[in-house]
Amino acid sequence: MANLPSIPKGTRDFSPEVSAKRNYIFDTIKYVFKRFAYRQLETPAMENLSTLTGKYGEEGDKLLFKILNSGNFLKKVSDKELCERNTAKLAHLVAEKGLRYDLTVPFARYIVQHQNEITFPFKRFQIQPVWRADRPQKGRYREFYQCDADIIGSNSLINELEIVQMIDEIFTKLNLKVTVKINNRKLLAGIAERIGFPEKFTEMTVAIDKLDKIGLKKVYEELIQAGISEDAVNLLEPILNIGGSFDDQMQCIEKFLGETESGITGIQEIHKLFDYISLFRFNNNIQLDLTLARGLNYYTGAIFEVVSDEVQIGSICGGGRYDDLTGVFGLKEMSGVGISFGADRIYDVLENLNRFPKDVISNVKLMFVNFGEKEEKYCLPVLQKLRNAGINAEIYSDSVKMKKQMKYANSNNIPYVALAGETEISENKFTLKNMQNGTQKLVSANEMINILSE
RNA sequence: GUGGUUGUAGUUCAGUUGGUUAGAACAUCUGAUUGUGGUUCAGAGGGUCGUGGGUUCGAGUCCCAUCUUCCACCCCA
């Protein structure tokens with residue numbers, strides 16, 4: 001075979017086996033989202049570039065996939081501009097559309113565009129691929145799926161509670177043990193204020209967010225490099241080394257924050273949320289983590305992150321509250337809170353622990369062997385009957401050598417094969433072969449249905 | 001975007017200081033076995049050695065470029 005075709009860098013094919021496993025994850029997440037009254041939204045793969053640019057910072061803009069205008073895409077470009085070779089400037093002239101970078105910005109765009117048709121608060125979930133022109137590496141792709149649920153137009157902390165409940169329920173259903181870490185950006189703002197560097201809030205959160213990964217020393221270095229004085233960084237120590245029970249942590253942070261304004265509301269919010277949480281029993285650990293920061297800087301209130309207790313892989317789910325997501329599109333004062341599940345990482349964890357249910361993979365129960373025209377006519381009505389009874393079944397479509405047909409059933413993990421030749425037809429029966437243990441017996445069509453329905 | 005790394009059959013990999021016709025295992029197909037797969041045996045097909053240049057009498061092997069793979073950083077799911 002000459003040159004095999006291939007797919008672009010950082011993209012993947014999902015084989016039937018892998019697809020089945022991925023659907024198991026998506027279906028579980030979807031089922032829980034729906035039960036909490038979130039409704040599905042789908043938006044186009046491509047957005048106007050003006051919708052996307054400037055929303056993810058300078059880095060993000062570079063990672064946007066841009067779509068070349070159709071037809072004569074050089075129409076708007078002058079010879080002079082072409083010669084200047086200023087790619088940033090040229091990009092806007094030759095491309096008006098781009099592939100979506102996440103699901104949050106298209107969601108915000110949708111809300112603003114349809115604000116008069118939407119009854120708030122609005123709850124939506126969205127499971128679609130997103131694209132980033134990043135350099136691929138372990139667990140990072142140029143095309144990957146996000147599973148988001150957001151509620152917008154409500155300040156109630158009940159929404160935060162429900163997000164924690166959804167996380168707990170989804171990972172329970174997936175048979176995974178996780179820890180849900182919760183913090184509040186207002187506490188972090190209070191901390192920045194207290195150490196005398198409120199304007200360094202973003203830098204501070206980005207650095208603290210790396211604590212798990214790079215350790216205390218490097219975080220200090222990064223904070224100092226960001227322009228925060230050494231004295232101020234030293235003040236942070238009790239916070240970064242904090243531990244103990246919820247009450248211990250709260251006592252410590254309350255004392256530390258004192259009268260800072262955002263600190264007080266942050267503490268109130270945390271108390272209220274954990275008050276709600278204490279009303280329920282959860283299967284997973286729920287804990288306050290004052291060092292949790294999350295890099296994304298549109299979060300303003302509660303923030304969540306979920307890590308597996310069983311496999312070290314980084315966060316498999318994250319989210320938080322944002323106060324002004326739609327502001328950039330001209331709709332002010334819309335507070336929302338959302339959560340995003342990383343399907344690819346959850347897949348890796350399940351695969352790693354061998355936790356995919358066995359029946360996810362093969363769902364074809366039976367194959368009829370094809371002996372020829374007369375036999376086909378005998379089998380086809382029974383095949384139809386099986387399908388009507390809810391059994392996934394098929395007939396080998398060509399009357400080829402039996403060995404080939406058996407091999408097909410075997411390599412597709414089909415557990416039963418039905419054979420009907422002259423003898424069986426004369427008795428109005430089938431030979432039903434169990435492919436796992438090799439046994440076979442003569443049964444009627446109805447007996448076959450009963451056996452396969454078990 | 002920065003630094004490193006990888007590429008030989010469908011897949012995983014051998015291939016000596018540069019030297020005849022580039023190998024193995026698994027997979028595929030055919031037969032042993034015309035109504036029995038997963039085991040066994042015999043055989044077959046499958047390669048412009050990622051691509052394009054260069055050095056050389058001669059390149060899978062050396063040099064350059066480019067693409068790809070994987071990894072780290074930046075950033076992020």
Side-chain angles (χ1 to χ4, degrees), chain A residues 1-12 15 25 56-64 87-88 100-104 127-148 202 206-207 209-210 213-214 218 222 225 293-298 304-308 313-319 338-349 367-372 375 396 399-425 430-442:
Chain A
M1 226 171 283
N3 278 329
L4 286 175
S6 64
I7 53 175
K9 193 206 278 218
T11 64
R12 296 158 292 166
S15 67
I25 297 171
Y56 309 105
E58 221 174 292
E59 283 294 324
D61 283 355
K62 279 190 214 153
L63 299 181
L64 286 173
T87 43
R100 67 165 165 257
Y101 179 89
D102 69 0
L103 300 178
T104 312
I127 299 177
Q128 288 187 279
V130 302
W131 293 270
R132 294 184 191 177
D134 204 355
R135 206 177 270 202
Q137 50 174 283
K138 186 87 180 168
R140 280 171 78 165
Y141 305 95
R142 293 184 135 184
E143 178 185 64
F144 63 97
Y145 279 70
Q146 290 192 330
C147 311
D148 281 23
T202 307
V206 169
D209 193 47
K210 294 178 188 163
K213 212 172 160 186
I214 63 176
K218 290 253 168 96
E222 202 164 318
Q225 198 152 41
R294 293 199 55 80
L296 297 176
N297 51 26
Y298 52 72
F304 310 97
E305 196 159 284
V306 179
V307 293
S308 165
I313 196 170
S315 82
I316 51 180
C317 173
I339 189 77
S340 181
F341 288 80
D344 295 287
R345 284 197 178 164
I346 293 172
Y347 182 98
D348 288 344
V349 173
M367 184 198 85
F368 285 93
V369 171
N370 190 328
F371 282 123
E375 294 86 348
Y396 198 94
S399 170
V400 295
K401 280 208 312 222
M402 185 156 171
K403 181 175 168 139
K404 194 167 162 56
Q405 302 193 35
M406 293 302 283
K407 201 164 179 178
Y408 171 89
N410 192 58
S411 54
N412 283 303
N413 289 315
I414 300 172
Y416 289 96
V417 168
L419 302 100
E422 222 170 297
T423 3
E424 286 91 349
I425 294 175
F430 292 87
T431 296
L432 183 65
K433 175 162 182 160
N434 180 324
M435 292 295 278
Q436 258 114 59
N437 55 28
T439 59
Q440 52 190 52
K441 58 179 171 183
L442 200 64

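Residue numbers begin at 1 in each chain, while the letters A, B, ... track the order of the sequences.
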Trainee: Which of the following nucleotides, B/A77, B/U68, B/C75, is nearest to the side chain of A/Arg294?
Mentor: B/A77
Trainee: Please report the distance, rounded to the nearest Å, between CD in A/Glu305 and P in B/C76.
Mentor: 12 Å
Trainee: Just compare B/U68, B/C74, B/A77 and give me whichever is closest to any side-chain atom of A/Gln137.
Mentor: B/C74
Trainee: Between B/G35 atom C1' and A/Ile425 atom CD1, what is the distance in whole Å?
Mentor: 12 Å
Trainee: Please determine, for the side chain of A/Arg135, which listed nucleotide (B/A77, B/U2, B/U28) has the closest atom?
Mentor: B/U2
Trainee: What's the closest nucleotide to the side chain of A/Arg132 if the choices are B/U68, B/U36, B/C76?
Mentor: B/C76
Trainee: Which part of the nucleic acid does A/Thr423 contact within heavy-atom distance under 4.0 Å: base, sugar-phosphate only, or nothing?
Mentor: base
Trainee: Of the options B/G37, B/C75, B/G35, whose atoms approach the side-chain atoms of A/Thr431 most closely?
Mentor: B/G35
Trainee: Quick one: label A/Tyr141 by what it contacts on the DNA or RNA (base, sugar-phosphate, nothing), any heavy atom closer than 4.0 Å.
Mentor: base
Trainee: Can you check the distance between B/A22 and B/U48, where both ends of the measurement are the C1' atom (answer in whole Å)?
Mentor: 13 Å
Trainee: Could I get the full list of salt bridge (Lys or Arg N to Asp or Glu O under 4.0 Å) partners for A/Glu375, not counting sequence neighbours?
Mentor: none
Trainee: Roughly how far, to the nearest 0.5 Å, is CD of A/Gln128 from CD of A/Gln146?
Mentor: 10.5 Å
Trainee: Report the distance from atom CG of A/Asn410 to atom C1' of B/U39, rounded to the nearest whole Å.
Mentor: 11 Å
Trainee: Picking from B/C75, B/U36, B/G35, which would you name as closest to the side chain of A/Asp134?
Mentor: B/C75
Trainee: Using a heavy-atom cut-off of under 4.0 Å over every strand shown, decide if A/Gly318 touches base, sugar-phosphate, or nothing.
Mentor: nothing
Trainee: Using a 4.0 Å heavy-atom cut-off across all strands, classify A/Glu143 as base, sugar-phosphate, or nothing.
Mentor: nothing
Trainee: Side chain of A/Gln440 only, heavy atoms from C-beta on: which candidate in B/G35, B/U28, B/U36 is closest?
Mentor: B/U36
Trainee: Quick check for you: among B/C29, B/C75, B/C71, whose closest atom lies nearest to any side-chain atom of A/Lys404?
Mentor: B/C29
Trainee: With 3.5 Å as the limit, what N/O pairs link the protein to nucleotides 40-42 of chain B?
Mentor:
none

Trainee: Of the listed nucleotides (B/A77, B/G31, B/G35), which one gets closest to any side-chain atom of A/Lys401?
Mentor: B/G31
Trainee: Under a plain distance cut-off of 3.5 Å, with no hydrogens placed, do A/Glu424 and A/Thr431 share a side-chain donor-acceptor pair?
Mentor: yes
Trainee: Kindly assign one of parallel, tilted or perpendicular to the pair A/Tyr56 and A/Tyr101, based on the angle between their ring planes and the thresholds 30° and 60°.
Mentor: tilted
Trainee: Nearest to the A/Phe371 side chain among B/G37, B/G35, B/C75, which nucleotide is it?
Mentor: B/G35
Trainee: Counting Watson-Crick and G-U wobble pairs with both distances under 3.5 Å, what is the dot-bracket string for RNA chain B, 5' to 3', using [ ] for crossing pairs and | for pairs to another strand?
Mentor: ((((..(..((((.....[...)))).(((((.......))))).....(((((..]....))))))..))))....
Trainee: To the nearest 0.5 angstrom, please state how far the NZ atom of A/Lys9 sits from the CZ atom of A/Arg142.
Mentor: 5.0 Å
Trainee: Under the criteria of a ring-centre distance below 5.5 Å and an interplanar angle below 30°, is A/Tyr408 stacked with the base of B/G37?
Mentor: no
Trainee: What contact category does A/Gly319 fall into here, base, sugar-phosphate, or nothing, at under 4.0 angstrom with non-hydrogen atoms?
Mentor: nothing
